[in-house]
2 protein chains.
Amino acid sequence: MPNADSFKRGTVEIAVLAVLREEDLYGYQIVQRIAEKSDGFFTLPLGTLYPVLYRFVESGYISDRDEIVGKRLRKYYHLEASGKDYYAALLAEYRKTARGVELITRGCESDET
Amino acid sequence: MPNADSFKRGTVEIAVLAVLREEDLYGYQIVQRIAEKSDGFFTLPLGTLYPVLYRFVESGYISDRDEIVGKRLRKYYHLEASGKDYYAALLAEYRKTARGVELITRGCESDET
DNA sequence: GTTAATATCTTGCGTCGCAAAATATATATT
DNA sequence: AATATATATTTTGCGACGCAAGATATTAAC
């Protein structure tokens with residue numbers, strides 16, 4: 001196997017933006033939502049999520065606001081217009097790569113001799 | 001955009017193994033063949049290819065033999081049985097990830113408001 | 001004879017997913 | 001009441017790999 005995370009490069013960004021398209025969410029919730037929607041395939045650890053969120057905030061793709069629930073801080077993240085554009089570009093690029101893989105593997109299915 | 005190579009992580013291995021499934025090839029030829037088959041999408045530089053080949057030889061997935069053409073050395077690479085298995089595993093894993101992306105982006109198409 | 005294509009190989013950089021750990025509150029178990 | 005588990009944010013540092021860049025040498029084109 002290649003490194004387990006090889007194929008996931010970039011898909012984490014797609015996943016985060018995808019769930020934020022639907023609703024503002026806080027970090028912990030983002031992880032859960034992604035796990036649900038991807039049928040348990042993407043189970044990103046928080047150490048993966050937060051750096052992505054910070055990068056996105058700095059890039060202006062998302063914004064954050066604090067809410068206090070009980071004594072607990074929740075930082076909600078909101079997808080901005082530029083983030084939607086970025087998401088569209090990412091998704092297009094991912095699919096282009098996926099098509100490339102299909103092309104290159106055509107006639108080389110793993111079950112052929 | 002994410003780093004241009006993000007989505008290509010791991011796909012280079014798939015591409016190399018895919019073209020070697022069909023025929024023994026030498027390095028320079030592998031790059032050309034991959035470019036043809038992928039319709040120009042994968043244009044891997046030789047600095048990317050060779051380390052992959054060396055890794056594969058060391059893993060036993062491929063073997064190499066020298067051939068002298070004129071005064072020029074050509075190192076042909078041959079896919080071994082374990083390499084075929086590895087290829088099958090890789091491709092399955094890639095498609096699993098691609099399905100995950102489709103799931104997570106379902107209902108979040110980039111053209112929706 | 002000079003340029004361009006062919007061919008192999010090496011060095012080093014940057015990115016990013018993740019493990020691991022630190023910190024703190026809330027809920028459930030006993 | 002004490003303990004364990006779930007909730008929640010944050011930081012540090014590692015490892016893998018695609019690539020740019022460059023070194024070296026042969027062959028073909030002009």
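Labels below follow one simple rule: chain letters A, B, ... track the order of the sequence lines, proteins then strands, and each chain is numbered from 1.
Checked against C/dT6, D/dT7, C/dG17, the side chain of B/Gln32 finds its nearest nucleotide in C/dT6. With distances taken from any side-chain atom of B/Tyr28 to the nucleotides C/dA7, D/dT10, D/dT7, the minimum falls on C/dA7. Distances from the side chain of A/Pro45 to the nucleotides C/dA26, C/dG17, C/dA19 place C/dA19 closest. With distances taken from any side-chain atom of B/Val12 to the nucleotides D/dG18, D/dA20, D/dT9, the minimum falls on D/dG18. Of the candidates D/dA8, D/dC19, C/dC16, the closest approach to any side-chain atom of B/Lys8 belongs to D/dC19. Considering only the side chain of A/Tyr26, D/dT9 comes nearest among D/dC19, D/dT9, C/dC18. In this structure, the nucleotide among D/dT9, C/dA7, D/dA20 sitting nearest to the side chain of B/Tyr50 is C/dA7. Between C/dT6, D/dC17, C/dC16, one nucleotide has an atom nearer to the side chain of A/Ser6 than all others, and that is D/dC17. With distances taken from any side-chain atom of A/Lys75 to the nucleotides C/dC18, D/dT9, D/dG18, the minimum falls on D/dT9. Checking D/dG15, D/dT9, D/dG18 against the side-chain heavy atoms of A/Arg9 singles out D/dG15 as nearest.
When the P atom of D/dC17 is taken as reference, atom CG of B/Leu46 falls 19 Å away, rounded to whole Å. Atom CG in A/Leu25 sits roughly 15 Å away from atom C1' in D/dT7 (whole-Å rounding). Taking atom CZ of B/Phe7 as the reference point, atom C1' of D/dC17 lies 16 Å away to the nearest angstrom. Atom-to-atom, CD of A/Glu13 to P of C/dG17 comes out at 6 Å; the value is rounded to the nearest Å. The nearest whole Å value for the distance from the CZ atom in A/Arg55 to the C1' atom in D/dT10 is 16 Å. Distance CZ (B/Arg33) to C1' (C/dA7): 16 Å, rounded to an integer number of Å. Rounded to whole Å, atom C1' of C/dC18 lies 13 Å from atom CG of A/Leu49. Between the CG atom of A/Leu53 and the P atom of D/dT11 there is a distance of 12 Å, given to the nearest Å.
Nearest-nucleotide mapping onto DNA chain C: of B/Gly27 and A/Thr11, the residue sitting toward the 5' end is B/Gly27. If you find the closest nucleotide of DNA chain C to A/Gly70 and to A/Leu44, the one lying nearer the 5' end belongs to A/Leu44.
Nearest approach of A/Tyr77 to A/Leu53, heavy atoms of both residues: CE1-CD1, 3.5 Å. Heavy-atom minimum distance, B/Val16 versus B/Ile34: N-CD1, 3.8 Å.
By the 4.0 Å N-to-carboxylate-O rule, A/Arg95 lies close enough to B/Glu102 to be salt-bridged with it. Using a cut-off of 4.0 Å between Lys/Arg side-chain N and Asp/Glu carboxylate O, A/Arg9 and B/Asp5 are scored as not salt-bridged.
Looking at heavy-atom distances under 4.0 Å, B/Leu73 makes contact with sugar-phosphate atoms alone, never a base.
We find the OG-CZ distance between A/Ser82 and A/Phe56 to be 10.5 Å, quoted to the nearest 0.5 Å.
Remark: the A/Arg72 side chain and the D/dT9 base include no donor-acceptor N/O pair separated by less than 3.5 Å.
A/Phe41 carries A/Lys8 over the face of its six-membered ring, with the cationic atom under 6.0 Å from the centre and within 45° of the normal.
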